[in-house]
J.: 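Supplied in structure tokens, the structure appears directly below.
As the structure lists them, so they are numbered: ligands from 1, and atoms in each ligand from 1.
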Amino acid sequence: MSASKETEGAVAVITIRNPPVNALSQQAVESILKVLKEVQFDPAVKAIVICGENGKFSAGADIRTFENIGQKSDSLSHFLEDVNSMAEKSEKPVIAAIEGVALGGGLELALGCHYRVAHVKARLGLTEVLLGIFPGAGGTQRLPRLIGLLPALEMITTGKIVFAPVALKLGLIDSVTEDNTIKAAIHFAQNVIGKPLESRRLCTKPIQCPPNMETIFNDSKIKLKKLFHGAISHQLCVEAIRAAVQLPFAEGILKERELLFSIFNSEQARDQAKARQYAFFAERRVTKWTTPSGANWKSASPHPIGVAAVIGLGTMGRGIVVCLAKAQIQVIAVEQDGKQLEMGRKAVTKILERETLTMQQRGLALMSDSFGSITFTLDFNSLKNADLVIEAVYENMALKKEIFKQLSSICMPEAFLCTNTSGLNIDEIASVTGRPHLVIGTHFFSPAHIMKLLEVVRGYHSSPTTISTVINLSKVLGKIGVVVGNCPSFVGNRMMGPYLHQAIFLLEDGCYPEEVDKVLEEFGLAMGPFRMSDLVGLDVGWRSRMESGLTGPKLLPGALVRQREGKRYSPLPDILCEKGRFGQKTGRGWYQYETVGGRNAVPDPWVQNFLHDYRKAHTIKQKPTSQNEILEWCLYPLINEGFNVLEEEIASGPEDIDVIYNNGYGWPRHMGGPMFYASMVGLPKVLTKLEVFYENNPDIPSLKPSGLLKKLVKQGSPPLKEWRSQLGYQNSKL
Ligand code: 3HC
Ligand code: NAI
């Protein structure tokens with residue numbers, strides 16, 4: 001960890017060194033300060049360039065030192081602001097040469113410089129808010145002065161990252177280069193030696209403000225509340241920017257400090273910051289996968305994928321085609337008949353057009369002016385050219401087996417065969433191929449071109465190379481791949497099961513869909529269980545329940561209406577489907593919608609009357625249920641299933657589950673993920689509550705506390721990072 005200085009003519013080049021991302025630790029900042037002071041007094045130096053080693057300017061403050069949040073991160077910010085201020089006050093021009101990333105404190109340092117030169121592929125952003133804090137080294141005061149109130153408000157409150165070409169348009173940087181950035185910055189420096197610097201010092205620059213500022217701030221807070229569901233740091237960003245507008249620079253800096261300190265002084269804000277930082281490291285942790293046989297992310301080498309194929313261009317297939325093409329992979333898209341093929345082609349083209357527009361707006365067109373080519377075909381023989389095939393046909397085992405049999409004979413012997421099944425047995429699918437070691441589950445989430453999660457479902461025979469290839473592909477696609485074991489519904493959907501059942505039982509017992517959704521949405525989930533079910537389509541679960549004989553023609557005669565094999569069962573969603581209420585796709589479900597396919601869920605008096613009549617018919621007494629009871633009743637069984645998943649070693653650690661929930665199920669990041677949340681609530685509390693629930697509802701087996709949860713409580717509830725060590729690999733499906 002150091003900063004060193006070399007000189008090129010009259011230009012001193014200060015290089016930040018702290019691999020892998022030149023994070024600004026206390027030591028690194030001290031070192032920059034020392035060298036910066038040194039060059040100030042060196043008469044031979046007429047200009048200063050600051051850059052980072054190994055093609056990265058800086059990823060900001062060293063998050064690893066944030067564990068004792070409230071002390072280190074706070075003082076680090078102050079210290080960094082001293083450096084920024086020294087650069088800004090320098091009588092010699094200081095130029096930031098930005099390669100790779102300038103994020104958080106890294107960008108704040110660049111804002112302290114008089115000029116910024118960036119490589120065309122560099123990414124810049126004040127991302128602190130995504131870690132539950134906010135720019136505390138002058139960023140909230142300098143950025144609005146540089147790029148104006150509205151763009152600064154957007155960047156700071158959302159943590160938005162922009163690419164250099166967009167940064168140039170915003171006025172965030174002064175020059176973009178496609179060549180060697182340090183050389184370009186030195187050249188730039190030579191040209192500005194001796195020029196007046198006063199107008200380059202952001203601390204002296206007035207902010208251009210629109211007249212309706214108060215409305216802007218208030219609207220922004222309302223929007224952020226909706227978008228980030230109660231996350232405190234976003235709101236505080238607005239206050240800090242308000243200070244930038246209302247106060248002179250020096251006072252604004254003090255206000256920024258005071259607001260940052262308020263995060264460290266509030267237990268809730270501190271917990272949210274801890275949760276966000278945990279989520280950040282959890283995402284990095286899950287990339288370091290390992291298997292019981294000892295294979296792991298380091299020992300297995302991925303195969304590059306040049307040509308990929310997708311079979312089935314329905315809801316999922318079309319999104320998968322788009323993300324492959326966006327990653328510049330050549331795609332073969334296969335359908336079963338001409339009509340479906342045409343529909344698939346149109347849908348893919350439409351999404352790609354939208355994506356192109358978005359990319360242009362984000363300034364990405366310069367870097368990826370083409371997508372991978374897509375061949376739409378009905379000819380299965382064209383699959384012989386694919387390095388990897390992703391099957392996304394209907395969720396039907398017989399059909400999937402038929403397809404994998406064909407793939408096994410058509411595809412190159414070394415081609416990887418993947419299935420997008422949301423819960424079927426990977427081993428059974430693999431069994432019909434002559435290459436089970438190359439078969440694996442790639443469970444994308446809908447919409448596949450947007451959702452970041454990829455559950456990588458390892459079958460019994462899936463080889464380390466296969467896992468490694470798919471994990472690598474997930475990175476290429478800009479997704480987070482999490483390796484999970486093979487069990488019905490895998491990890492995410494399996495944990496959803498008890499949660500959704502509990503929510504439906506609440507309707508039997510007296511709640512209405514909108515009440516339950518409100519509680520879970522206020523908690524922070526992107527969508528409550530009923531709005532989510534309406535979006536997914538109630539018919540999906542209904543078909544699978546009919547298939548398994550829980551309802552419909554296969555249901556055994558004499559079955560009780562509200563019981564299956566002695567367990568509590570609610571026929572409510574079946575009845576809705578029988579009435580053609582499938583959710584958004586039919587314009588009616590748990591809610592009503594303005595049109596078929598509409599998205600605006602409105603409480604439906606029909607549902608209220610229906611529930612009322614249902615309760616009366618089954619003589620169910622309406623129980624009063626508090627918001628807290630609704631929350632615990634729905635979330636604790638989901639968490640309990642998470643512990644079962646860990647105990648069975650379907651997931652290799654709590655971080656894996658949390659990454660799945662944060663990226664695939666709209667779990668609020670400031671709550672860390674369900675397992676992190678359980679650790680914050682306290683395992684004894686979760687266990688006690690589950691015990692009471694189970695005692696009162698012995699006909700709901702998912703309420704039975706997991707053995708692992710009980711074990712952890714018995715051991716004094718060790719911190720989450722120690723749970724992994726409680727899991728052996730004896731029965732592992734991983
Ligand atoms: N501090 C410490 N370690 C960091 C770090 C940081 N700011 N940023 C990344 N790392 C570590 C990662 O944990 C990872 O470590 P590992 O190899 O042990 O797992 C390693 O660097 C490489 O990171 P990635 O795997 O994420 O590599 P990528 O190339 O995919 O992404 C990145 C690089 C875009 C920089 C991404 O890591 C990132 O977004 N980092 C966080 C940036 C950020 O939010 N900075 C703000 C910090 S707070 C701040 O600056 C406060 C200020 O106001 C004072
Ligand atoms: P879908 O019904 O929207 O699309 C399936 C497509 O497969 C149709 O276009 C159909 O014509 C095509 N198809 C069927 N038989 C074929 C054959 N023999 N050859 C070529 N194409 C054929 O289904 P959806 O929703 O896209 O689901 C696909 C898979 O993804 C299923 O296994 C599902 O469980 C899974 N999945 C679905 C999610 C969702 O939200 N819809 C989420 C995650 C996984």
J.: Backbone N or O of Gln272 within a donor-acceptor pair of the Arg276 side chain at under 3.5 Å?
T.: no

J.: Evaluate Glu88 against Arg142 for salt bridge (Lys or Arg N to Asp or Glu O under 4.0 Å), listing each step before the verdict.
T.: CA-CA 11 Å; Glu88 191 167 55; Arg142 288 194 179 89; 3.0 Å; yes

J.: Nearest protein heavy-atom contact for atom 18 (N) of ligand 2: which residue, which atom, what distance?
T.: Ile403 CD1, 3.6 Å

J.: Hey, does the side chain of Lys479 reach the backbone of Met451 with a donor-acceptor pair shorter than 3.5 angstrom?
T.: yes

J.: Could you check which of Glu335, Glu395, Glu391 puts a non-hydrogen atom nearest to atom 12 (C) of ligand 2?
T.: Glu335

J.: Using a strict cut-off of 4.0 Å, indicate which atoms of ligand 1 neighbour a heavy atom of Phe281.
T.: 13 (O)

J.: Of Gln277, Arg284, Arg123, which has the heavy atom at the shortest distance from atom 36 (C) of ligand 1?
T.: Arg284

J.: Under the salt bridge (Lys or Arg N to Asp or Glu O under 4.0 Å) rule, what do Lys339 and Glu342 come out as? Steps first, then yes or no, please.
T.: CA-CA 5 Å; Lys339 191 173 155 223; Glu342 210 32 50; over 6 Å; no

J.: Using a 4.5 Å cut-off on heavy atoms from C-beta on, say whether the side chain of Glu53 contacts that of Asn22.
T.: yes

J.: Is any heavy atom of the protein nearer than 4.0 Å to atom 23 (O) of ligand 2?
T.: no

J.: Are any of the N/O atoms in Thr127 less than 3.5 Å from those in ligand 1?
T.: yes

J.: Are the side chain of Asn296 and the backbone N or O of Trp289 linked by a donor-acceptor pair below 3.5 Å?
T.: no

J.: At a 4.0 Å cut-off, with the gap strictly under it, does some heavy atom of Lys400 reach an atom of ligand 2?
T.: yes

J.: So for ligand 1, is Ala61 a polar contact partner (N or O within less than 3.5 Å, distance only)?
T.: yes

J.: Looking only at non-hydrogen atoms, which of Leu341, Asp337, Val540, Val393 approaches atom 28 (C) of ligand 2 most closely?
T.: Val393

J.: List every atom of ligand 1 that sits less than 4.0 Å from any heavy atom of Leu131, numbering the atoms from 1 in the order shown and giving each element.
T.: 44 (O), 46 (C), 47 (C), 48 (S)

J.: Determine yes or no for a side-chain-to-main-chain donor-acceptor pair under 3.5 angstrom, with Asn420 supplying the side chain and Phe444 the backbone.
T.: yes

J.: Looking only at protein heavy atoms, identify the closest one to atom 34 (O) of ligand 2 and say how far it is in Å.
T.: Ser422 OG, 2.7 Å

J.: At what distance is the nearest protein heavy atom to atom 40 (O) of ligand 2, and which residue and atom is it?
T.: Ser446 CB, 3.4 Å

J.: May I ask you to check whether Tyr665 and Asn493 show a side-chain donor-acceptor distance below 3.5 Å?
T.: yes

J.: Heavy-atom contacts with Thr315 under 4.0 Å: which atoms of ligand 2 show up? List them by number with element.
T.: 3 (O), 25 (O), 26 (O)

J.: Side chain, backbone, both or neither: which part of Ala23 comes within less than 4.0 Å of ligand 1 when only heavy atoms are counted?
T.: side chain

J.: Any non-hydrogen atom of Asn420 lying under 4.0 Å from ligand 2?
T.: yes

J.: Does ligand 1 come near enough to Gly105 that some N or O of the ligand is less than 3.5 Å from an N or O of the residue?
T.: yes

J.: Nearest to atom 19 (N) of ligand 2, what protein heavy atom do you find, and at what distance?
T.: Gln336 CB, 3.7 Å

J.: Between the main-chain N or O of Ala28 and the side-chain N or O of Ser25, is there a donor-acceptor pair closer than 3.5 Å?
T.: yes

J.: Quick one: nearest non-hydrogen protein atom to atom 39 (C) of ligand 2, plus distance?
T.: Met316 SD, 3.6 Å

J.: With respect to Pro135, determine whether any N or O atom, backbone or side chain, lies less than 3.5 Å from an N or O atom of ligand 1.
T.: no

J.: Identify, by atom number and element, the atoms of ligand 1 in contact range of Val21, meaning under 4.0 Å from any of its heavy atoms.
T.: 4 (C), 5 (C), 8 (N), 9 (C), 10 (N), 21 (O)

J.: Report the nearest protein non-hydrogen atom to atom 4 (O) of ligand 2: residue, atom name, distance rounded to 0.1 Å.
T.: Gly314 CA, 3.2 Å

J.: Short list, please: which atoms of ligand 1 are under 4.0 Å from a heavy atom of Pro20?
T.: 20 (C), 21 (O)

J.: Please list, in number order, the atoms of ligand 2 under 4.0 Å from a heavy atom of Thr421.
T.: 32 (O)

J.: Does Tyr394 come within less than 4.0 angstrom of ligand 2, counting non-hydrogen atoms of the residue?
T.: yes

J.: Hey, is the main chain of Glu655 close enough, under 3.5 Å, to the side chain of Arg285 for a donor-acceptor pair?
T.: no

J.: Which heavy atom in Glu455 sits nearest to a heavy atom in Ile660, and how many Å separate them?
T.: OE2-CD1, 3.6 Å

J.: Can you sort out which atoms of ligand 1 are near Gly104, meaning under 4.0 Å from one of its heavy atoms?
T.: 46 (C), 50 (O)

J.: Under 4.0 Å from any heavy atom of His443, which atoms of ligand 2 are there?
T.: 43 (C), 44 (C)

J.: Given the ring of Phe280, does Arg284 sit roughly above its face, with NZ or CZ under 6.0 Å from the centre of the six-membered ring and within 45° of the axis?
T.: yes

J.: Atoms of ligand 1 less than 4.0 Å from Ser77 heavy atoms?
T.: 54 (C)

J.: Do Arg345 and Glu335 pass the salt bridge (Lys or Arg N to Asp or Glu O under 4.0 Å) test, and can you show the C-alpha distance, the side-chain angles, and the key distance before you say yes or no?
T.: CA-CA 10 Å; Arg345 184 205 304 268; Glu335 253 295 346; over 6 Å; no

J.: What verdict does the side-chain hydrogen bond (donor to acceptor under 3.5 Å, both in side chains) test give for Asn663 and Glu283, after you've listed the backbone C-alpha separation in whole Å, the side-chain angles of each residue and the deciding distance to 0.1 Å?
T.: CA-CA 10 Å; Asn663 292 286; Glu283 279 174 10; 3.2 Å; yes

J.: Is there a donor-acceptor contact under 3.5 Å from the side chain of Arg724 to the main chain of Lys721?
T.: no

J.: Which ligand 2 atoms are under 4.0 Å away from a heavy-atom of Gln340?
T.: 9 (O), 11 (O)

J.: Do Phe404 and Glu391 have side-chain heavy atoms sitting under 4.5 Å apart?
T.: yes

J.: How about Asp62 and Gln27: does a side-chain donor come under 3.5 Å of a side-chain acceptor?
T.: no

J.: Against heavy atoms of Gly136, which atoms of ligand 1 measure under 4.0 Å?
T.: 53 (O)

J.: Do side-chain atoms of Asn662 reach the backbone of Arg669 as a donor and acceptor pair under 3.5 angstrom?
T.: no

J.: Among Glu108, Lys288, Arg64, which one has a heavy atom closest to atom 18 (O) of ligand 1?
T.: Lys288

J.: Considering only protein heavy atoms, which is closest to atom 43 (C) of ligand 2, and at what distance to one decimal place?
T.: Phe444 O, 3.2 Å

